[in-house]
Amino acid sequence: MADNSRFSALAAPGVRGLQPYVPGKAIEELEREYGVSNTLKLASNENSLGPPAAALAAIRDALATLNLYPDGAGHALKLRLAERHGVAPEQITLGNGSNDLLVLLAETFLTPQLEAVYDQHAFVIYALAVQEAGATGRVAASRPAADPAQPLGHDPQAIAACYGPNTRLVYIANPNNPTGTWLDDGAVRSLLDQLPSDALLVLDEAYAEYVTEAAYPDGVRLLADYPNLVVTRTFSKAFALAGLRIGYAVSHPAVAELINRVRQPFNTSTLAQAAALAALDDDEFIARSRVLNAAGLDQLTVGLRALGLTVLPSVGNFVLTDLGRPVQPVYEALLREGIIVRPVANYGLPNHLRITVGLAEQNERLLAVLPRCLEPGQ
Ligand SMILES: *Cc1c(COP(=O)(O)O)cnc(C)c1O
């Protein structure tokens, strides 16, 4: 319609060229479109264990107060998070998922005159947040696919080379989605050492609870040495509460105070706060998630390699596999089998599929049907 361009011209400059984020296909959508049932979704890095029982109980207890607004300050949850991380409650900002915080940081600190740095294959939300703010994204080249340790991973030197006088934000996912690669303590410190004094480094630790590598840094610990650091965490992945939308940032209190001016006063719900608080005390659930994930990563990696596929080493709850050709036919063949995985062409990786670690029998189901989905003619 002719009217489309007329309205498009009315949008803020950063919005005009924006492509909306495409989430993993929903189970209901697949079942409606393909007439399949018993769908297996391994597309959005959700925790296959289901939500922690303690969180569900806390939600039931909180239901009777739904006529009231949430505690906009999230007082109880912030106290508990502060205690857990050894920081002051004033250093915590709650978000509607950590996605909310990644966008709030762009809204708070970026202008059309400024730049943000992120990696070529970084989590796509960074580019969207920067573009929406009208700022310029400086994209650092990733390591080559042939890198022996971290194929397609973040290259700290390339990232630091993008730092400049207009850099205000640097977004780094550790580990990164969709590559599953990670930066060690020395690499993160080096990026912070080189950071311009008027820039902030956002360390997105969405998968931190899964990582067991000895050299993997706890970003919050680095805050004592580097006040320009902002660490984001989420309850969506290991804590298995993606549907509730809750995450948090840990930063210098003055940075938290600035973000607090921009965020909506009630950006996290009563149920999300109650469930998050309960989930934090459920160490057994996190331990179980970690054990299940380690076994599943192994199972998927071994199984996919046995099919002759290249699998990147991952420390997250997902693997990235290189099919060596455009993935769309294989993706669609899997959909017809009732299995949803994630194409990542929007990350500049048209030959790769991202597969979330599921329960052992779910991983097995994927590995069992994949050979016929890979056959030519699919
Ligand atoms: C999943 C994910 C997030 C966050 O998701 P929320 O549900 O919004 O907390 C953030 N960063 C990365 C890299 C992710 O993969």
Side-chain angles (χ1 to χ4, degrees), residues 20-24 26 41-48 51 55 74 77 81 92-107 116 118-130 132 142 152-154 169-183 188 201-211 216 219 230-250 259 263-264 267-269 271-273 275-276 279-280 289 293 297 312 314-320 341-342 344 346-349 352 354-357:
Y21 179 81
V22 183
K41 185 181 179 210
L42 299 175
S44 301
N45 300 345
E46 292 144 337
N47 188 332
S48 293
L77 180 56
L81 286 167
I92 312 259
T93 310
L94 301 181
N96 191 257
S98 55
N99 194 142
D100 186 24
L101 296 158
L102 299 169
V103 174
L104 280 169
L105 283 158
E107 290 175 350
Y118 46 85
D119 191 84
Q120 182 184 357
H121 300 306
F123 188 45
V124 285
I125 294 297
Y126 311 152
L128 295 179
V130 171
E132 181 195 334
S142 296
L152 302 177
H154 290 355
L169 289 181
V170 178
Y171 285 103
I172 295 183
N174 197 33
N176 185 47
N177 169 13
T179 55
T181 52
W182 61 287
L183 293 176
V188 175
L201 191 147
V202 181
L203 196 61
D204 176 348
E205 296 188 336
Y207 301 94
E209 295 83 5
Y210 284 116
V211 187
Y216 177 74
V230 181
V231 178
T232 60
R233 293 277 188 113
T234 182
F235 287 93
S236 298
K237 306 289 161 59
F239 287 105
L241 294 172
L244 276 181
R245 315 303 307 131
I246 186 157
Y248 60 99
V250 191
I259 304 170
R263 77 171 175 89
Q264 291 179 39
N267 64 332
T268 61
S269 72
L271 301 186
Q273 289 180 26
L280 276 174
S289 298
N293 191 59
L297 273 177
L312 277 72
S314 171
V315 296
N317 68 344
F318 54 90
V319 293
L320 191 66
V341 295
R342 189 65 164 271
V344 285
N346 58 333
Y347 287 85
L349 297 165
H352 289 73
R354 194 191 68 199
I355 303 169
T356 302
V357 172

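Each ligand, and each atom within it, is numbered from 1 in the order the structure gives.
In summary, the side chains of Arg354 and Asn177 do present a donor paired with an acceptor at a separation below 3.5 Å, with no hydrogens or angles considered. Side chains of Ser142 and Asp119: a donor-acceptor N/O pair is present below 3.5 angstrom, by distance only.
Of all heavy-atom pairs spanning Leu241 and Pro51, the tightest one is CD2-CB, 4.2 Å.
Ligand 1 lies under 4.0 Å from heavy atoms of Gly97, Ser98, Asn99, Phe123, Asn177, Asp204, Ala206, Tyr207, Thr234, Ser236, Lys237, Arg245.
Among residues two or more places apart in sequence or in another chain, the side chain to side chain contact (heavy atoms under 4.5 Å, CB included) test is passed with Ser289 by Asn47, Leu49, Tyr210, Phe285. Listed by chain and residue number, Leu18, Tyr21, Ile125 satisfy the side chain to side chain contact (heavy atoms under 4.5 Å, CB included) test with Leu128 (two or more places apart in sequence, or in another chain). Remark: Arg233 engages Glu205, Glu209, Asp218 in a salt bridge (Lys or Arg N to Asp or Glu O under 4.0 Å) (not counting sequence neighbours).
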